Enquirer: 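Input: one structure, supplied below.
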Amino acid sequence: MKTELEDLLARALESLQGTLLHTPVERSAIVVERTRDAQHGDFACNIALRLAKSAGRKPTELAAAIVAALPRSPLLARAEVAGAGFINLYLAGDAQRDALPRVFEQGERYGTSQAGAGARVLVEFVSANPTGPLHVGHGRQATYGATLAKLLQATGHDVHREYYINDAGRQVDILTVSVWVRYLQAGGIGLPFPVNGYRAGYVQGIATRLAVACGAALQRPAAAVLAGLPPDASEGEAEATAGKKKELYIDALIARMRELVGAAAYEEVLELALAAMLADIREDLAAYGVEFEQWTSERALARSGAVDCMLGRLAAQQQTYTQEGALWLRSSAFGDTEDRVLVRANGQQTYFAPDLAYHLDKRARGYARLIDVWGADHHGYIARMRAGLVALGAPGDCLEVCLMQFVSLYRGGEKVPMGKRDGQFVTLRQLREEVGNDACRLFFLMRSHEQHLDFDLELAKSRSNDNPVYYLQYAHARVASVMKQLAARGLQYDAAVALANLGALDGAHEAAVLTAISRYPELIAQAAASRAPHLLVHFLRDLAQAFHTWYNAAQFIVEDDAIRNARLALALATQQVLRNGLGLLGASAPETM
RNA sequence: GCGCCCGUAGCUCAGUUGGAUAGAGCACCUGGCUUCGAACCAGGUGGUCGGCGGUUCGAAUCCGUCCGGGCGCGCCA
């Protein structure tokens, strides 16, 4: 529709060449946009304003000439000059109503396109460390990533969803030792819990399973555990002094556990803890309706040799150097603010090294475009990852990072504290159980991901008219209800009669609904291209609003066969679009509420 | 100090990538169910788009600067 109108304008401009215009106008400069206000027609074009200067004409004069030169088209009812020199385009009624047969033909595919031309895109999201359950922040990332992936699929991309499991590195050791200490404590060993350990309740749960699995075999006396360990930080000690102390202590404790229980038993505890955490995360996401094509394990990646291979490649290209015993990447040569360590002086790799190898692996698997969804606190890491990719010969802009701003929970105007120290954070599971998946999805998606989100639990739970979730679902259920009422009156919807009489849909309220329906495919394209699922939520609200307004102003089930069927067709099309949209958002579209 | 994000109605936020009179929801006020679901609708009140400069036909949007808020700046992950 849009491009056809733009073509019409292009032909008009061509015919003005040599008279009013002297330089040819590029096709890409001719842009037609939906109007904000129905008084300005259906579409508007600002080309006259843009060309006025170079043509040396007044914008209104130029616009009038373009309008006069516009070829006839069945699409267009009329065009007029308005304001400072806008060209307002009014669609012919038939063109407007053409959206309906399309909706019925395409059904659940209505709104999708092939704009992506099958381009392979890898969307990596959540990727939370398997050291604890998902919290509300992960919930937002999961929701955003899942919906973005669906939007990309809907616009013809070949999308692959992936979760990167950070199951290697120190945080897993900390989890392991935390579980062991809880296990010792439960066995009656008087042992302080390390300040830097994971102290939330789930660790206790894993310790219990450990006791079931191995009995008392891993119990050791407190004296043996603590002998010669450096002092731990004290509870509530200032970060400046505590930071070093608690890390030295926990590292020593990890080493001590290894020597006391042996490497094999240590691995078993680690595997048990990891498997428990991962199962919890997978189950949580599945219950939330968020799925991944692939879960990539950092440990498996390391074992495959991919990290060493990458380091070898960098070294061969002289992109690394050794300084003070550590191996550095020359990232500052590729847009980062400084060089970064890949391998520490103690021989251990940093988090960065396997992560970079992972991104290289994604490219090697044929994904030209990599989209990562990260928490906003990781923004400083973007330049580093890009620099790494560039150093490895990939274009830096192949990686696109969507940064998610933070979530604050409110309960009745009162901010819910989410201190991570005592494990006092709210989990995604708790949130879902309290407000339901649908409300969760929509509340997470309502705001731009670049915007800090205030999530009000009371509002999300309320079954009242101030809850936007119900507003959308109600519109959908309302159509179902009308159809039931129709059957109850012994009538049937006749699609053939409806499509032959769409001309009966000539009121302003009907036009508003029609406009929204016909705009839906454009909206999907835009939401996908700008990585902005929130646009879809707002669109659905507008559509529901237009529908509710019409519903209140008109009777659908009327005597006249032509009018009744035409109106039902519009109602059913509305329902289809609502269902499609809610489906992309991962929310249900109930028939009754 | 440097970097990223943000600042729009009393509150929470949109704003079609520079367009026309800046829009929604909540809150507040008025009205609408013997008629397809009132979980709805119609109308009203409410704005120096953080401040000041600049770019141009035109700025909430782009540039500069200042103010205010969030986050980051490890051989942690």
Side-chain angles (χ1 to χ4, degrees), chain A residues 33-37 39-40 44 46 49-50 52-53 58-59 82-86 88 129 131 166 168-172 174 196 243 247 323-328 337-338 340-352 355 375-383 403 405-406 408 410 413 446-448 450-456 459 462-471 473-475 477-486 488-489 519 522-523 526 529-530 532 534-535 537-539 541-542 544-545 547-558 564 567-568 571 592-593:
Chain A
E33 283 177 332
R34 291 274 180 181
T35 55
R36 224 183 282 257
D37 187 338
Q39 285 181 350
H40 298 140
N46 63 2
L49 287 160
R50 301 174 66 120
K53 197 167 195 177
K58 277 198 240 166
F86 292 99
N88 290 343
N129 286 342
T131 53
N166 296 123
R170 208 163 72 107
Q171 79 279 3
V172 183
I174 295 176
N196 209 29
E247 292 192 9
Q323 187 178 311
E324 291 168 27
L327 184 72
W328 296 71
T337 50
E338 52 194 292
R340 304 291 177 178
V341 173
L342 289 162
V343 182
R344 292 193 276 268
N346 66 9
Q348 289 193 331
Q349 291 166 354
T350 59
Y351 173 86
F352 178 44
D355 202 11
D377 53 338
H378 286 72
H379 70 80
Y381 196 69
I382 299 174
L403 287 178
Q405 294 297 320
F406 289 164
S408 300
Y410 287 81
M446 251 180 342
R447 306 299 178 217
S448 157
E450 293 169 324
Q451 189 74 237
H452 189 99
L453 177 71
D454 286 338
F455 193 126
D456 191 324
L459 179 59
S462 73
R463 295 190 177 268
S464 71
N465 51 357
D466 48 348
N467 187 335
V469 178
Y470 293 102
Y471 190 79
Q473 296 184 331
Y474 182 50
R478 220 172 193 180
V479 178
S481 180
V482 168
M483 298 312 286
K484 267 182 228 144
Q485 191 57 228
L486 184 77
R489 296 187 193 184
R519 196 164 71 91
E522 297 162 28
L523 187 282
Q526 190 198 343
S530 53
H534 74 281
L535 295 179
V537 181
H538 288 276
F539 167 84
R541 219 216 138 268
D542 290 345
Q545 155 114 302
F547 175 77
H548 284 310
T549 298
W550 174 48
Y551 178 91
N552 272 274
Q555 191 75 16
F556 298 175
I557 304 176
V558 293
R564 183 181 67 246
R567 288 182 180 169
L568 289 172
T592 59
M593 302 174 61

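We name chains A, B, ... by the order of the sequence lines, and we start the count at 1 in each one. Reckoned from all heavy atoms, side chains included, excluding hydrogens, waters and symmetry mates. Values in this document were obtained by computation on a predicted structure and should not be read as measured data.
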Enquirer: Hey, what are the protein-to-nucleotides 35-37 of chain B N/O distances that come in under 3.5 Å?
Expert:
from, atom 1, to, atom 2, distance (Å)
B:C36, O4', A:R489, NH2, 3.4
B:C36, O2, A:F556, N, 3.3
B:C36, O2, A:I557, N, 3.1
B:C36, N3, A:F556, N, 3.0
B:C36, N4, A:Y551, O, 2.6
B:C36, N4, A:A554, O, 2.3
B:G37, OP1, A:S481, OG, 2.7
B:G37, OP2, A:S481, OG, 3.3
B:G37, O2', A:Y474, OH, 2.3
B:G37, O2', A:R478, NE, 3.1
B:G37, N7, A:S481, OG, 2.8
B:G37, O6, A:M593, N, 3.3

Enquirer: Does a side-chain N or O from A:R344 land closer than 4.0 Å to OP1 or OP2 of B:A77, or not?
Expert: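 So the side chain of A:R344 is within the cut-off, an N or O lying under 4.0 Å from OP1 or OP2 of B:A77.
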Enquirer: Set out, line by line, the N/O atom pairs under 3.5 Å between protein and nucleotides 67-72 of chain B.
Expert:
from, atom 1, to, atom 2, distance (Å)
B:C71, O2, A:H379, NE2, 3.3

Enquirer: Just the rounded figure in Å: distance from P of B:G25 to OH of A:Y471.
Expert: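 That distance rounds to 7 Å.
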Enquirer: OP1, OP2 of B:A14 versus side-chain N and O of A:Q451: anything below 4.0 Å?
Expert: yes
Enquirer: So if I take every side-chain heavy atom of A:A326 and compare against B:A39, B:C13, B:C75, which nucleotide ends up nearest?
Expert: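 So the nucleotide nearest the side chain must be B:C75.
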Enquirer: State which residues pass side chain to side chain contact (heavy atoms under 4.5 Å, CB included) with A:Q405; sequence neighbours excluded, sorted by chain then number.
Expert: A:R140, A:A376
Enquirer: Within less than 4.0 Å of OP1 or OP2 of B:G15, is there a side-chain N or O belonging to A:R36?
Expert: no
Enquirer: Does any N or O donor sit under 3.5 Å from an N or O acceptor when you compare the side chain of A:N88 with the base of B:A20?
Expert: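 Counting by modelled atom types and ignoring angles, a donor-acceptor contact under 3.5 Å is found here.
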Enquirer: Relative to the 5' end of RNA chain B, which residue comes earlier, A:H40 or A:H534, by the nucleotide with the nearest heavy atom?
Expert: A:H534
Enquirer: Can you sort out the partners of A:R170 under side-chain hydrogen bond (donor to acceptor under 3.5 Å, both in side chains), two or more places apart, ordered by chain and number?
Expert: A:D251
Enquirer: Between B:A24 and B:C2, how far apart are the P atoms? Round to whole Å, please.
Expert: 42 Å
Enquirer: Using the test ring pair (Phe, Tyr, Trp, His ring centres under 6.0 Å), find all partners of A:H40 that sit at least two apart in sequence or belong to another chain.
Expert: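 Here no residue qualifies.
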Enquirer: Looking at A:T337, I'd like to know whether one of its side-chain N or O atoms comes within less than 4.0 Å of OP1 or OP2 on B:C73.
Expert: no
Enquirer: Let me spell it out: for each of A:K53 and A:D454, pick the nucleotide of RNA chain B with the closest heavy atom. Which residue's pick is nearer the 5' end?
Expert: A:D454
Enquirer: State which residues pass salt bridge (Lys or Arg N to Asp or Glu O under 4.0 Å) with A:R50; sequence neighbours excluded, sorted by chain then number.
Expert: none
Enquirer: Of the nucleotides B:C75, B:C57, B:G25, which has the atom closest to the A:L49 side chain?
Expert: B:C57
Enquirer: From C-beta outward on A:A345, which listed nucleotide comes closest to its side chain: B:C41, B:C75, B:G74?
Expert: B:C75
Enquirer: Suppose we define a pair by two distances each less than 3.5 Å, Watson-Crick or G-U wobble; what does B:G7 pair with here?
Expert: B:C67
Enquirer: Nearest to the side chain of A:Q171 - B:A77, B:C41, B:A24?
Expert: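 Comparing B:A77, B:C41, B:A24 against the side chain of A:Q171, the answer is B:A77.
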